[in-house]
Each structure stands twice: as structure tokens, then as C-alpha cells.
Amino acid sequence: MSENRYSHLSSNQLIRRTTAMVLAGGKGTRLRDLTNRVAKPAISFGGKYRIIDFTLSNCVNSGIRRIGILTQYMAQDLIMHLQSGWQFFHSALDEQVSIIPAQQRTGEEWYRGTADAVYQNLDLIDSNRFDRVLILGGDHVYKMDYSRMVNFHAENDAEVTVACIRTPIAKASSFGVMGLAQDGRVLSFDEKPANPKCDPHDPQQALVSMGIYVFNTDVLDCELRKALLQPGYGHDFGHNIIPSLLSKRRVYGYVFGAKGHPGNNGYWRDVGDLDAYYEASMDLLAPEPQLNIYDKEWPIITDQKQRPGAKFVFDEDDRRGYAVDSMLSAGVIVSGAAVHHSLLSFDVRIEERSEVYDSVLLPGSEVGKRCLIHKAIIGEDCIIPDGMQIGVDKELDAKRFTISDQGVVLVTSDML
């Protein structure tokens, strides 16, 4: 299927009659200590944003203005962020971002999976008003025009549409792997298979689910009520719901790629583990990054912190404050220190004669004097003491901090 294929029907009513449900309650355990105190969607990314900002910005830029956010695990920071930065919608225009905590609406159980989270909130979806439900994850970093997927869904008279993307076969076992017919119909769906099937058009790639679904509302209601009442059911879209629908519903796959987004600059990255999070952060430092957050036509919205501009101080031979090939956010102070190919989030401070290389420093972190930081993620509000070296001695780092498979050192305030 062409990634450019989508309907030229009037989008207005299609989008207005589509509501979005954002799944934002997962623990994100593969991100290790980064999610000890916050839900994965609330983790800082890109200097000034939270991960969930990308999903919500996609909604707004795609014209979808009726959004429910399902929270559960460590939700307080996420809720505060949403209350501060995402309450600008106009009720008079029937726009709303609703923060929906887990409420045990259907029994004594908390959410048992992605499908169960939606099932427990079906009564919040007005089936007489919304024809379709767009189900999204709040824990991916990406740039996608959902209106194109909704148009594709309508054009094919689909009952369910699953967004998919080509990814290297070596990484495909972490996702749901799909097989499509020539007309886009989903023929197979295997959740996290040990031996994923390759895309017939490219043996080096596989078509994997992005965890983004469009359901006709009546189909979603019917299938969840039937399926999730079965004893012992897995309660997950990828493991259970989607595979069970292939033989009885019209399920299509929408192939997403860079050309499937206005400006041909679409982007999707699953930041599910430390290495993926680090790589996505480093992507932003490229001269022409794949994820263009400078695109004025597709702004990324967030709770804008009121901070002064970044500042560099001292210009002496042994303590010159500078940064190269780096991204710095508001409130940063580089005081006689050197920063190379790194991302500094807001309110980061680096003291004199310190050096930072290939690293991500999250909001409020501070690096003392004469420190050396290399290939590290420094967590929020960490205070690195004077003289500490990180990313230099692997054996020493392993005793103090968390090290990813690819050697990225994660430091949190609890470790210091």
C-alpha cells in the first residue's frame, strides 16, 4: 500500500466526528529508573517538552480537539503538566482535553491492559456523537497527521485501521508485526514474535504496529464488551483484540512514513528503553534532524516555562563557557564549562572547568566544578558533586548507576 494514499473526501466532518483516547497510564519499566517517580508520558524530552506533548500536539495540528487522557501509574506530575499546559481549549467550540484517572468504573480491577483501559471508559464516549475513536499511546515521540489516517479509514470503509511503519527486521520482535494484502487489508498480526516476518517488498524490513488505531465506535463498543468479559482474557489491543478481529471485521493497515505527513517530514520513534530514548534525543542535534521541532507549520505545544535565555559566562583560557553541536533550553547557565554534542534541558547549570560530551541533562540538573560527563543521561534535579567523572570508568559506573545495553549511563538523584 502506498503511504500517500488517503481520501480526498471533505475532512471536516470526518475529523469533527472523531474523538481521541490517549493511553497514558503505563509504567514504562524498560526506561528503568527514569520512571521510578513519574509515568513514562511525563518524562522530559527535547529540552522543554514531555513525551505526551507530541501525541497531543499531533491531535491539535490534525484538527482533533476532543481528547480523553487515561492515566493510572504515577500520574501526579503528568496531571499537573496537563492542567498547566493543555487547558486552552474552548468549550464553546466543543473542544476539550479531559484528564481521566483510573476509577474502577466497571468493577474492582484497575486497568489490566490497553484494551481494558478503554473498556472501563466506554461510557465516556458518546456513540451518538462520535462515529470513530482514535486510540493513541502517550509514550511515543513522533510527528503524524492523524487526519490522513482517518481519511484512509473512511475511504476503505474500514471498521478498524491499524497504523504501521517499516522498521529493521532485527528490531521488529519488540512490536506487533503485520502482514498486509495488496488492498491494505490486514492478513496477519503477531504481537512481539520471536521470528518476525519480513515485508514482502523489503526482506530487511518488517511492518510493525505503531500502537495507533481507528475504530468505528459501534465496533469498538461491541468487541470490547464481548471480549473483555471473557474469563482469563489478556485485555490488550495488540495481544488480543486486533488478532481476534481479522477474521470477522474489515481491518486495514495504514502504512506511515515520512511522505505520509505534510512537508514529507513525518517521524516516529518508540522511546521504550534507555538506548532508544538516548538515540531519539541525539537525533535532535543533527544539522537537519529527522524530527524537526522547529517546524512552524506543526508546532509542538507544551507547558511553557517562563525562564530567561541560556547564558554562557567566562572567556578565559582555562574556563571558557561554550557549547558546540548542542541544544540548550531556557534558563541554562554554562559557567566556564565546555559542552559538546549534548542536549541541556531548561534550568540546567554547569560549573567551571567541567566538560560534558554526548549527554542528555534533564531539567534542573546541576554539574559541579571539574566534572567530566560522557554519554550519560542525567536525571531531573540531580546535583553532580565537584570532580565526579561519569561515563569514563565502566566498572565504577556499574557500582553506582544504571548502564544501558549500549553503554549509556543513567544517573538519578536517588543514586547520588
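Each residue takes its place number in the sequence, starting with 1.
Under a 3.5 Å cut-off, the side chain of Thr217 and the backbone N or O of Asp131 do form a donor-acceptor pair. A donor-acceptor contact shorter than 3.5 Å links the side chain of Ser404 to the backbone of Val408. At least one donor-acceptor pair under 3.5 Å links the side chain of Asp145 to the backbone N or O of Ser147. Between the side chain of Asn216 and the backbone N or O of Asp218 there is no donor-acceptor pair closer than 3.5 Å. Put simply, the side chain of Tyr73 gets close to the backbone of Thr35: a donor and an acceptor are under 3.5 Å apart. Side chain of Asp190 to backbone of Pro193: no donor-acceptor contact under 3.5 angstrom is found. Between the side chain of Glu159 and the backbone N or O of Arg250, at least one donor-acceptor pair lies under 3.5 Å. Between the side chain of Gln406 and the main chain of Asp275, no donor-acceptor pair closer than 3.5 Å is present. Counting only distance, with no hydrogens or angles, the side chain of Ser326 and the backbone of Val324 share a donor-acceptor pair below 3.5 Å.
Residues Met149 and Ser62 have side chains not in contact (no heavy-atom distance under 4.5 Å, counting atoms from C-beta outward). Counting heavy atoms from C-beta on, the side chains of Arg249 and Val219 come closer than 4.5 Å. Residues Leu136 and Tyr213 have side chains not in contact (no heavy-atom distance under 4.5 Å, counting atoms from C-beta outward). In this structure the side chain of Leu416 never reaches within 4.5 angstrom of the side chain of Ile383, judged on heavy atoms. Taking the side chain as every heavy atom from C-beta outward, Lys143 and Phe54 never approach each other to under 4.5 Å. Two residues are said to be in side-chain contact when any heavy atoms from C-beta on lie closer than 4.5 Å; Val214 and Val160 fail this criterion. Between Ser209 and Phe175, the closest side-chain pair of non-hydrogen atoms is not below 4.5 Å. Looking only at side-chain heavy atoms (C-beta outward), Tyr252 and Asp183 come within less than 4.5 Å of each other.
To the nearest 0.5 Å, atoms OG1 (Thr161) and CD1 (Ile135) are separated by 11.5 Å. Rounding to the nearest 0.5 angstrom, the gap separating the CZ atom in Phe256 from the NE2 atom in His261 is 7.0 Å. Put simply, CD on Gln13 and OG1 on Thr18 are 10.0 Å apart, with the number rounded to the nearest 0.5 Å. To the nearest 0.5 Å, atoms CZ (Phe130) and CZ (Arg66) are separated by 5.0 Å. One distance of note links CD1 of Ile300 with CG of Asp295; it measures 8.0 Å at 0.5 Å rounding. The OG atom of Ser57 sits 4.5 Å away from atom CD1 of Ile301, with the distance rounded to the nearest 0.5 Å.
Of all non-hydrogen atoms in Arg50 and Thr302, the two that sit nearest each other are N-OG1, 4.3 Å. The shortest non-hydrogen separation linking Leu274 to Ile377 is O-CD1, 4.2 Å. Between Gly407 and Ile403 the shortest heavy-atom distance is CA-CG2, 3.8 Å. The two residues Cys198 and Ile169 come nearest to each other via the heavy atoms CA-CD1, 3.7 Å. Annotation for Val367 and Ser354: closest pair CG1-OG, 4.0 Å, computed over non-hydrogen atoms. Across Val150 and Arg132, no two heavy atoms sit closer than the pair CG1-NE, 3.9 Å.
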Sequence neighbours excluded and cut-off under 3.5 Å, please list the side-chain donor-acceptor pairs for residues 342-350, or say none.
| residue | atom | partner | partner atom | Å |
| --- | --- | --- | --- | --- |
| Ser342 | OG | His340 | O | 2.9 |
| Ser342 | OG | Asp358 | N | 3.2 |
| Ser342 | OG | Ser359 | N | 3.0 |
| Ser345 | OG | Leu361 | O | 2.8 |
| Asp347 | OD1 | Arg307 | NE | 3.2 |
| Asp347 | OD2 | Arg307 | NE | 2.6 |
| Asp347 | OD2 | Arg307 | NH2 | 3.3 |
| Arg349 | NE | Glu351 | OE2 | 2.9 |

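If you look at Tyr254 and Phe152, their ring centroids are closer than 6.0 Å.
Side-chain N/O atoms of Asp33 and Thr412 include no donor and acceptor closer than 3.5 Å. Looking only at atom types and distance, the side chain of Glu355 has a donor-acceptor partner in the side chain of Tyr357 under 3.5 Å away. Under the 3.5 Å distance criterion, with hydrogens and angles disregarded, a donor-acceptor pair is assigned to the side chains of Asn58 and Trp298. For Asn151 and Glu155, the side-chain atoms include no donor-acceptor pair closer than 3.5 Å.
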Exercise for review: Could you walk me through whether His140 and Val271 pass the side chain to side chain contact (heavy atoms under 4.5 Å, CB included) test, one step at a time?
Suggested key: CA-CA 6 Å; His140 294 147; Val271 289; 5.8 Å; no

Practice item. Could you give me the CA-CA distance, side-chain angles and deciding distance for Trp268 and Leu291, then say whether side chain to side chain contact (heavy atoms under 4.5 Å, CB included) is met? Key: CA-CA 8 Å; Trp268 183 83; Leu291 175 58; over 6 Å; no

Review point. Given Gln120 and Asp116, is the side-chain hydrogen bond (donor to acceptor under 3.5 Å, both in side chains) satisfied, shown in steps?
Key: CA-CA 6 Å; Gln120 291 198 32; Asp116 189 45; 3.0 Å; yes

Exercise for review: Carefully, step by step, assess Phe89 and Gln96 under the rule side chain to side chain contact (heavy atoms under 4.5 Å, CB included).
Suggested key: CA-CA 6 Å; Phe89 288 68; Gln96 185 177 17; 5.5 Å; no

Review point. Between Leu224 and Ile241, is a side chain to side chain contact (heavy atoms under 4.5 Å, CB included) present by the stated rule, with each step listed?
Key: CA-CA 8 Å; Leu224 289 189; Ile241 298 296; 3.8 Å; yes

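Salt bridge annotation for Asp303-Lys48: absent, with no cationic side-chain nitrogen under 4.0 angstrom from a carboxylate oxygen. Taking the charged nitrogens against the carboxylate oxygens, Arg269 and Asp283 do have a contact shorter than 4.0 Å, which makes a salt bridge.
Residue Arg37 places its CZ atom among 12 or fewer non-hydrogen atoms of other residues, nucleotides or ligands, all under 6.0 Å distant. Applying the 6.0 Å contact sphere to CE of Met415 captures more than 12 heavy atoms from other residues, nucleotides or ligands. Remark: Asp414 CG is packed, more than 12 non-hydrogen atoms of other residues, nucleotides or ligands lying under 6.0 Å away.
Contacts classified as side-chain hydrogen bond (donor to acceptor under 3.5 Å, both in side chains) and involving residues 373-384 (residues at least two apart or in different chains) are not found.
In this structure, Trp86 and Phe88 have tilted ring planes: the angle between them lies in the 30° to 60° band.
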